[in-house]
*Asks:* 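Sending over a structure as structure tokens; questions will come in a sec.
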Amino acid sequence: MFAVYQILCYNKTMNSYDVNSLNEEQKKALFQTEGVVLVTAGAGSGKTRLLTHRICYLIQEKGVSPYNILAITFTNKATNEMKKRVFEMCNCNIWISTFHSMCVRILRENIDYIDGYTRNFTIIDENDKDKILKELVKKYNGEDDDKSKVSFHIDNIKNKGLDIDEYFGAIKEYDKSQNVKIYEKICFEYEDYLHKNNALDFDDLLNKTLFLFNNFKNVLMKYADRFRYILVDEFQDTNLVQYKLIKLLSCVHKNLFVVGDEDQCIYSWRGANFHNIFNLEKDFENVQTFKLERNYRSTKNILNLANNVISNNKERYKKNLWTEKDNGDGPVVLNAFDERDEAMYIAKTIEDLLSEGYSYNDFAVLMRINALSRPIEEGLMCFQIPYKLYGGFKFYERAEIKIILAYLSIFVNPKDEISLLKIINFPKRGIGDVAIRSLQEEAGEMSLLEYLLSEKFKFSKYYNKLEKFVENVATLNAEMLACSLSDFVVKVVKYFGIDQAFAGRDEESINKLGNIDSLIASVQEFEEENEEATLCDYLANVMLKSDSDNIQENGFVSLATIHAVKGLEFKVVFVVGLEEGIFPLARATFSSSEMEEERRLMYVAITRAEEKIFLVHASKRYMYGKSNYQTESRFLKELGIVDKSKPRLFNVLNEEFSENHENESFESGYAVGDVVFHVRFGNGRIVNISDDGLVADIDFEDVGRKSLMLNLASLEKVKDDE
């Protein structure tokens, strides 16, 4: 068998790997194939190249079967890139996946070892989780704040791999309040609800796999025996559960190769623990450590900034990025007058650089928080610059898409009441909350869908309302295996009248139907790429998709939070909102660990840039309903930059900046009392205009009061009929 693998994989005439393309430090790490190897890899130091070359080196030079290699990444984008590179270099397919995808695959094969679960389990998203918790909190007369606290506790429990009673037992030693007891009950009821629905949340994917490994040795050994060599990318982003999974998987052969950079650990808020890098040397014997400091991405001037800022952190391995590239352009610092000038400066600079040969997808505008995006979006629109905002409303979270996915889920998992309740009254069937409660009582111990499909349901007073629905479910259940995946999805849309529910001539209906067509196209694409894939596989693939997978699309400027662009690179980067309280966040001022994380975020932002970097801060910023004077971020000083420039104001008429802005105010042509029309908010009346003439408070008839910047907002005066 392996001889056949070798013949298929070893083909020097193809686009084979080349060890000589690696630098000396990369080669040292590559050749250390046995035992535990830690590579601390600075930003842009070629870690993906090292990982892919190591895989091919093991296969082609060491005779390792691709079947015996596991590579784990942190994003779908990284997974797909690594798969592509490995296949091109040595014509092999190996198991490369994210942690969550790996666990889904293991659970699909083994979860029935855990009592009450079947392999066709449903994966719920964060919105479903919030709805379940909201109902449970409501049951105990709690408030929204209680829901947030329960969610926090659940995340803590699962990220640390603890039992609920163990976790709350420690809390109750110092907190005897009734609330803690209620939160514990809600956590148990949340788990019971998921169990009843044969459903898992994202954290369960990891925890249930860990449970299997800890409690069923035969399951662990099936994978630990198989994987002679395990490679892990972005090791600094692993949480405690992921770390434990890796330790267990490597318990037989003990050949573990991890690549990470503690300077780029920016996800501690969701459980990432960069101390796992340091723990590796405590938990494994004879760990070999290598440093990658040569950067292939950025110019010397950009790297100097990165080295300067990160050197202020204490908890790190000492690294100093260097490059053989030229010095390049120095950083450009703008002290904007306000967020309007920040936005206009960015848009005007992009327009100027486009004329020099840059493309839209060469640019990224990075911010610490999404709240900074609106004026920047409006500035880009003023210059007719196309952009994509990431971290916003995802395609698979749109209402019409979630409806179809919920319909599909009930055909995979009959116990999935979470999905059933989303669609039982869509399109309208006259089934409200009272009817649902009655149906649940009628169902008794049966799942709700099983009850609806039973003979017993024919005697229910709700049968006539749901007769066609039940008939369609039964028909499609029988047809599911006889047709292709995409044809089945089309049938679901047609049989249940989902397309007709959105039929209309208005723009919203047209967009929703277009989104449904896009979903069907995505199913067809998945089907083509995965010939043996089932509906269960497709739904898991959708649930594990990330919004950042599509960043840097051609034809668009990327507007994103720094968290969203980790692992990407752009020729030109703008870092905006470099002000105390925004970047770094105000809360970090009182915590050295949080300030170090903010600094790591700054390091990540800088090292996304290949050629040019622009650092922008405003002297005045309108946020959260008021205008405040701002202080420049401490990071500018740590970068080695002292900005003594005066704030610059953008002149709308001649598209130039000036430092002479004293007593200037913007003449919008609007006055208090004017009735205006906005393309999104409709008609409204101006009730107040700020002293500088830039911001108006407008009472809109449909959406209430909004504050808009008059120089950017799309407003038209309308005749006042009063």
Side-chain angles (χ1 to χ4, degrees), residues 22-23 25-26 28-30 32 36-54 71-75 77-79 81-82 98-99 231-239 242-243 246 256-281 287-298 302-323 366 548 562-569 573 593 595-610 635:
L22 302 180
N23 64 39
E25 288 305 313
Q26 290 170 330
K28 289 177 184 176
L30 176 78
Q32 185 64 48
V36 180
V37 178
L38 167 64
V39 180
T40 61
S45 60
K47 63 183 179 61
T48 304
R49 172 178 287 273
L50 173 59
L51 285 163
T52 52
H53 273 70
R54 184 179 176 85
I72 304 174
T73 68
F74 262 81
T75 66
K77 191 180 183 79
T79 295
E81 175 66 21
M82 196 177 294
T98 64
F99 269 104
L231 302 87
V232 185
D233 193 11
E234 305 287 7
F235 192 68
Q236 77 282 347
D237 290 332
T238 53
N239 63 22
Q242 290 162 336
Y243 184 71
I246 293 301
L256 177 61
F257 185 86
V258 305
V259 181
D261 181 11
E262 71 284 0
D263 291 337
Q264 295 187 74
C265 181
I266 58 175
Y267 298 112
S268 64
W269 48 276
R270 66 183 190 199
N273 184 1
F274 68 88
H275 291 101
N276 287 340
I277 287 180
F278 309 125
N279 292 337
L280 200 71
E281 295 181 319
V287 176
Q288 300 292 310
T289 303
F290 301 90
K291 284 185 185 180
L292 300 185
E293 296 174 289
R294 180 178 177 179
N295 179 282
Y296 291 92
R297 177 186 301 158
S298 308
I302 291 171
L303 294 185
N304 286 340
L305 296 175
N307 288 328
N308 286 347
V309 73
I310 202 63
S311 66
N312 289 275
N313 274 7
K314 306 300 181 189
E315 291 194 280
R316 62 186 295 263
Y317 283 109
K318 187 177 179 181
K319 293 191 295 294
N320 197 64
L321 296 180
W322 63 276
T323 184
L366 307 182
S548 62
I562 300 164
H563 284 103
V565 296
K566 185 168 170 290
L568 302 180
E569 54 195 52
V573 167
S593 62
M595 186 58 73
E596 291 213 350
E597 177 128 349
E598 293 292 303
R599 198 172 281 117
R600 291 194 292 269
L601 267 170
M602 187 67 197
Y603 174 82
V604 168
I606 293 166
T607 53
R608 298 314 93 200
E610 298 177 44
F635 294 152

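Values in this document were obtained by computation on a predicted structure and should not be read as measured data. Residue numbers run from 1 in the order of the sequence given.
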*Asks:* Does the side chain of L321 come within less than 4.5 Å of Y603's, by heavy atoms?
*Replies:* yes

*Asks:* Go through L256 and I246 one step at a time and tell me if the side chain to side chain contact (heavy atoms under 4.5 Å, CB included) criterion holds.
*Replies:* CA-CA 9 Å; L256 177 61; I246 293 301; 3.6 Å; yes

*Asks:* Decide whether R294 and N23 meet the rule of one side-chain donor and one side-chain acceptor closer than 3.5 Å.
*Replies:* no

*Asks:* Mind checking salt bridge (charged side-chain N to carboxylate O under 4.0 Å, His left out) for E25 and listing every partner two or more places apart, or none if nothing turns up?
*Replies:* K28

*Asks:* Counting C-beta onward and ignoring hydrogens, is there a side-chain heavy-atom pair between R49 and Y296 closer than 4.5 Å?
*Replies:*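 A side-chain contact is absent here, since even the closest heavy-atom pair is not under 4.5 Å.
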
*Asks:* Using modelled atom types only, decide if a donor and an acceptor are shared between the side chain of R316 and the backbone of D263 within a distance under 3.5 Å.
*Replies:*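 No; judged by distance alone, with no hydrogens or angles, the pair does not exist.
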
*Asks:* One pair to check against side chain to side chain contact (heavy atoms under 4.5 Å, CB included): F74 and K566. What are the steps and the verdict?
*Replies:* CA-CA 11 Å; F74 262 81; K566 185 168 170 290; over 6 Å; no

*Asks:* Decide yes or no for Q242 and V232: does some side-chain heavy atom of the first lie under 4.5 Å from some side-chain heavy atom of the second?
*Replies:*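 No - every pair of side-chain heavy atoms lies 4.5 Å or more apart.
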
*Asks:* Does F235 reach the side chain of I277, with side-chain heavy atoms less than 4.5 Å apart?
*Replies:*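 Yes - at least one pair of side-chain heavy atoms lies under 4.5 Å apart.
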
*Asks:* List for me each residue that meets side chain to side chain donor-acceptor pair (under 3.5 Å) alongside Y243, sequence neighbours excluded, and say none if there are none.
*Replies:* D283

*Asks:* Any carboxylate oxygen within less than 4.0 angstrom of a Lys/Arg side-chain nitrogen, looking at K47 and E234?
*Replies:*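 Answer for the salt bridge query: yes.
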
*Asks:* Dump the intermediate steps for side chain to side chain contact (heavy atoms under 4.5 Å, CB included) on T73 and E81, then the final yes or no.
*Replies:* CA-CA 10 Å; T73 68; E81 175 66 21; over 6 Å; no

*Asks:* Could I get the full list of side chain to side chain donor-acceptor pair (under 3.5 Å) partners for Q32, not counting sequence neighbours?
*Replies:* none

*Asks:* Where the side chain of S298 meets the backbone of A609, is there a donor-acceptor pair that is under 3.5 Å apart?
*Replies:*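 The answer is yes, because a donor-acceptor pair under 3.5 Å joins these two groups.
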
*Asks:* Okay, side chain of N307, backbone of N304: is any donor-acceptor separation there less than 3.5 Å?
*Replies:* no

*Asks:* Counting N and O atoms only, with roles assigned by atom type, does the side chain of H563 sit under 3.5 Å from a partner on the main chain of Y267, one being a donor and the other an acceptor?
*Replies:* no

*Asks:* May I ask you to decide if A272's main-chain N or O and Q236's side chain share a donor-acceptor pair within less than 3.5 Å?
*Replies:* no

*Asks:* Would you say V573 and I302 make side-chain contact, with heavy atoms under 4.5 Å?
*Replies:* no

*Asks:* Checking the side chain of N295 only, and the main-chain atoms of A43 only, is there a donor and an acceptor separated by less than 3.5 Å?
*Replies:* yes

*Asks:* So F635 and E598, do their side chains get closer than 4.5 Å, heavy atoms only?
*Replies:* yes

*Asks:* Donor-acceptor pair, R54 side chain versus L30 backbone, under 3.5 Å?
*Replies:*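 Checked: pair present.
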
*Asks:* Evaluate side chain to side chain contact (heavy atoms under 4.5 Å, CB included) for N239 paired with F99, printing each intermediate quantity in order.
*Replies:* CA-CA 11 Å; N239 63 22; F99 269 104; over 6 Å; no

*Asks:* In plain terms, say whether K319 and E262 are close enough for a salt bridge, that is, a side-chain N and a carboxylate O under 4.0 Å apart.
*Replies:*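 So K319 pairs with E262 through a salt bridge.
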
*Asks:* Any non-hydrogen side-chain atom of V39 less than 4.5 Å from a side-chain atom of F257?
*Replies:* yes

*Asks:* Quick check: do M602 and I606 have side-chain heavy atoms less than 4.5 Å from each other?
*Replies:*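 Touching, per the 4.5 Å side-chain cut-off.
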
*Asks:* For the side-chain contact (heavy atoms from CB on, under 4.5 Å) test, which of R600, E597, M595 pairs with N313?
*Replies:* R600

